[in-house]
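Please read the structure below before turning to the comments.
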Amino acid sequence: MHEKKERSHELPDLPNAQSGVVMRFAPNPSGPLHLGHARASVLNDYYVKKYGGKFYYRVEDTDPKRVDPSAYEMVSEDLAWLGIGITDVVYQSDRFAIYYEYARELLKLGGAYMCTCDNNEFREKKLKKIACPCREISVEENLKRFDDMLAGKYAEGEITLRVKTDIAHPDPAVRDFAAMRVLTSTPHPRKPEIFVYPLMNFSVAVDDHLLGMTHVIRGKDHIANTRRQEYIYNYFGWKMPYFYHYGRMSIAGLELSTSGMRKGINEGLYTGWDDIHLGTLRALARRGIQPDAVRAATIDIGMGDTDISFSWENLFAQNKAVIDAGADRYFFVPDAVEVEITGAPKTEAHAPVYPNQPERGERVLPFTGRVLLPKSEMEKGGMLRLKDLFNINITGPSSAEYAGDSLADARSQKAAIVQWLPVEMAAPCSLLMPEGILEGFCEPAVREYAGRIVQFERVGFSKIDAVNDGKVIAYFTHR
RNA sequence: GCUGAUAUAGUGUAGUGGCCAAUCAUGCCGGCCUCUCACGCCGGCGACUGGGGUUCGAAUCCCCAUAUCAGCACCA
């Protein structure tokens with residue numbers, strides 16, 4: 001009756017994976033992980049768990065301008081929360097010497113050159129399929145320029161290591177792409193002495209090979225990069241990993257870019273990285289979304305290259321399947337009005353903590369004459385059934401009279417069965433929803449649920465975020 | 001503009017020439033259960049972007065159109 005269904009399907013097999021795989025999750029440490037990262041990490045993690053092998057968390061911090069030092073720790077926390085099975089951690093900022101070594105090697109192979117042309121001029125030539133003069137300089141001159149670069153003889157922007165591809169390649173994106181440059185304006189938070197930085201395509205190709213990646217699953221924004229990296233593999237005679245590129249994912253009404261979220265935080269639009277309106281994993285966690293639900297929803301989406309608009313419905317449905325059985329039921333009365341009920345006997349209500357499992361116990365709510373009811377229900381007038389108590393007929397904005405105990409009567413009159421609270425047994429409670437804050441009262445027992453999820457009957461699942469001086473702060477999860 | 005990719009119900013997904021008058025999940029509607037509009041159960045609704053081909057036969061292959069997306073950075 002309350003068994004969890006297996007709701008996520010299997011992903012297709014990977015080629016040459018039966019004896020194990022080596023994969024990686026390689027984000028730029030610019031902020032905490034969000035739903036987009038969840039897809040990258042979960043898909044790769046799925047296959048490492050399926051086939052066994054290694055899973056690298058590779059920190060791609062080769063652009064000091066894009067490093068937020070606090071992100072190093074946040075990403076690790078987020079990966080742990082998501083249950084990603086990282087086996088090895090690598091910082092690219094520990095590997096500059098390796099990149100220099102392979103860059104020198106590539107120059108010797110004639111697979112790259114040191115370009116001193118103006119960037120904009122190069123770009124214009126490239127679009128016209130015209131090679132720049134630097135492309136023809138000798139290996140010796142290239143190596144000299146390279147050594148001079150490492151010796152600090154070139155200022156920022158004066159020199160670029162370019163990989164020689166095909167200057168007339170039909171795709172302008174792959175023509176002699178940049179692989180290394182000088183950058184002195186921003187010191188690296190971990191390596192302040194460094195001023196020559198590899199660009200993503202170079203460091204990624206070198207590391208993917210050196211670390212022995214067998215399969216790479218990443219977004220389709222990297223399709224052109226894969227083609228570029230292929231040149232590096234070919235120059236060195238390396239074997240390419242299998243590459244997969246999943247499509248773009250958007251979520252209605254959600255900012256998914258780290259820079260966009262940071263901007264919003266700085267402008268005061270959001271309270272922080274875990275603001276209820278954001279798609280970061282920490283925001284989802286705070287709202288009561290479970291890592292297993294994120295995983296299931298992500299695997300359900302799979303790695304198709306179609307662009308998709310991810311919908312909250314699917315994530316919420318997965319999450320509900322995860323949390324329902326563990327969520328005790330309580331009353332929360334939003335926008336409460338105090339109602340005097342006349343003619344009723346002193347009695348008490350016994351409500352189950354979880355209807356499908358009576359053994360979990362019951363909540364006892366005494367009735368002594370005055371109760372709190374949702375304003376919206378009172379305004380309807382007519383008969384109401386106070387759940388697990390008795391019926392009332394509404395006689396005014398804050399008054400009602402006893403109308404018998406019969407549940408059958410309430411049913412036959414189609415009276416709403418509503419949540420209520422004794423006035424003397426009500427804890428103030430703020431329910432934070434994306435649309436705003438719902439003020440009201442809940443059962444005092446909810447104060448014991450900090451950090452856990454309850455279901456407020458007829459309202460929805462809620463994560464109890466904190467209890468301050470007896471006041472409950474809850475985050476609405478979903479219905 | 002150039003290069004590449006994709007197009008199945010509201011959303012996500014399965015389907016790689018006949019077993020597809022198309023799968024599963026979610027959503028919505030109806031019913032059952034139930035002192036929650038939860039959980040569970042039953043039933044229903046709802047899709048192959050368009051047009052040409054190829055073939056005995058196409059959601060599946062080819063071409064064109066349209067739409068969407070990605071890249072064309074000294075970001076990742």
Side-chain angles (χ1 to χ4, degrees), chain A residues 1-10 12 26-30 60-63 65-66 92 115 119 122-123 126-127 129 156-162 169-175 177-183 197-201 203-204 218-228 245 247-250 252 258-259 296-297 299-302 304-318 320-321 324-325 327 329-331 349-352 354-357 385-391 405-408 410-411 415-419 455-461 479:
Chain A
M1 187 130 181
H2 28 75
E3 283 167 19
K4 271 180 227 164
K5 264 181 153 179
E6 190 47 64
R7 292 191 184 181
S8 54
H9 66 262
E10 291 292 299
N28 169 259
S30 57
E60 307 222 324
D61 53 351
T62 52
D63 180 3
K65 286 186 283 194
R66 300 241 172 187
Q92 289 195 314
C115 177
N119 203 33
F122 180 87
R123 185 170 170 276
K126 176 186 75 174
L127 289 174
K129 306 183 182 180
E156 183 167 331
E158 286 184 352
I159 192 159
T160 305
L161 172 75
R162 294 189 184 284
H169 193 286
D171 184 351
V174 320
R175 292 172 198 161
F177 61 90
M180 206 170 268
R181 47 78 193 264
V182 172
L183 200 160
Y197 293 91
L199 269 345
M200 176 262 191
N201 281 299
S203 49
V204 163
R218 56 183 180 179
K220 77 192 224 183
D221 46 323
H222 288 294
I223 288 177
N225 291 323
T226 299
R227 278 199 285 272
R228 296 199 266 220
H245 301 99
R248 182 189 155 87
M249 181 172 87
S250 64
T258 302
S259 56
I299 289 170
D300 193 49
I301 288 168
D305 36 20
T306 312
D307 304 317
I308 59 160
S309 59
F310 186 71
S311 132
W312 288 112
E313 286 172 1
N314 297 307
L315 178 60
F316 289 167
Q318 295 283 1
K320 193 187 284 184
D324 181 83
R329 269 53 175 169
Y330 285 100
F331 286 157
H350 295 253
Y354 188 78
N356 295 331
Q357 293 175 254
R385 168 79 178 179
L386 307 193
K387 187 169 180 293
D388 302 303
L389 191 67
F390 52 56
N391 308 331
D405 289 340
S406 168
L407 177 60
R411 286 249 152 91
I417 300 174
V418 305
Q419 74 277 34
Q455 189 214 44
F456 286 135
E457 297 195 47
R458 304 181 72 237
V459 176
F461 296 92
R479 291 197 56 187

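Just so it is clear: chains get the letters A, B, ... in the order the sequence lines come, proteins before strands, and each one is counted from 1.
- With C1' as the reference atom, B/G17 and B/C48 are 15 Å apart, rounded to whole Å.
- With sequence neighbours left out, A/Glu457 forms a salt bridge (charged side-chain N to carboxylate O under 4.0 Å, His left out) with A/Arg363, A/Lys387.
- Rounded to whole Å, the P atom of B/C56 lies 23 Å from the corresponding atom of B/G51.
- In this structure, of B/U11, B/C37, B/A38, it is B/U11 that holds the atom nearest to the side chain of A/Asn314.
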Heavy-atom protein contacts under 4.0 Å, nucleotides 69-76 of chain B, coded B base, S sugar-phosphate only, - none: BSBBBBBB
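- The side chain of A/Lys320 contributes no N or O atom lying less than 4.0 Å from OP1 or OP2 of B/A38.
- For RNA chain B, each stem of at least three Watson-Crick or G-U pairs (distances under 3.5 Å) is given as range with range: B:1-7 with B:66-72, B:10-12 with B:24-26, B:27-32 with B:40-45, B:49-53 with B:61-65.
- Considering only heavy atoms from C-beta on, A/His222 stays 4.5 Å or farther from A/Val204 through its side chain.
- At a threshold of 4.0 angstrom between heavy atoms, the contacts of A/Phe461 are confined to the sugar-phosphate backbone, with no base atom among them.
- Residues satisfying the ring-ring contact (aromatic ring centres under 6.0 Å, His included) criterion with A/Phe177, sequence neighbours excluded, are absent altogether.
- The OG atom of A/Ser250 lies 7.5 Å from the CD1 atom of A/Ile308; values are rounded to the nearest 0.5 Å.
- The interatomic distance linking A/Gln357 (CD) with B/G40 (P) rounds to 13 Å, in whole Å.
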All N/O pairs under 3.5 Å across the protein-nucleotides 47-49 of chain B interface:
none

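- Nearer to the 5' terminus of RNA chain B, by closest-nucleotide assignment, is the contact made by A/Ser309 (compared with the other of A/Ser309 and A/Arg479).
- Atoms CD (A/Glu457) and P (B/C35) sit 12 Å apart, rounded to a whole Å.
- Closest heavy-atom contact between A/Asp405 and A/Arg385: O-NH1, 2.7 Å.
- Every residue two or more places apart in sequence or in another chain that forms a ring-ring contact (aromatic ring centres under 6.0 Å, His included) with A/Phe316 is listed here: A/Trp312, A/His478.
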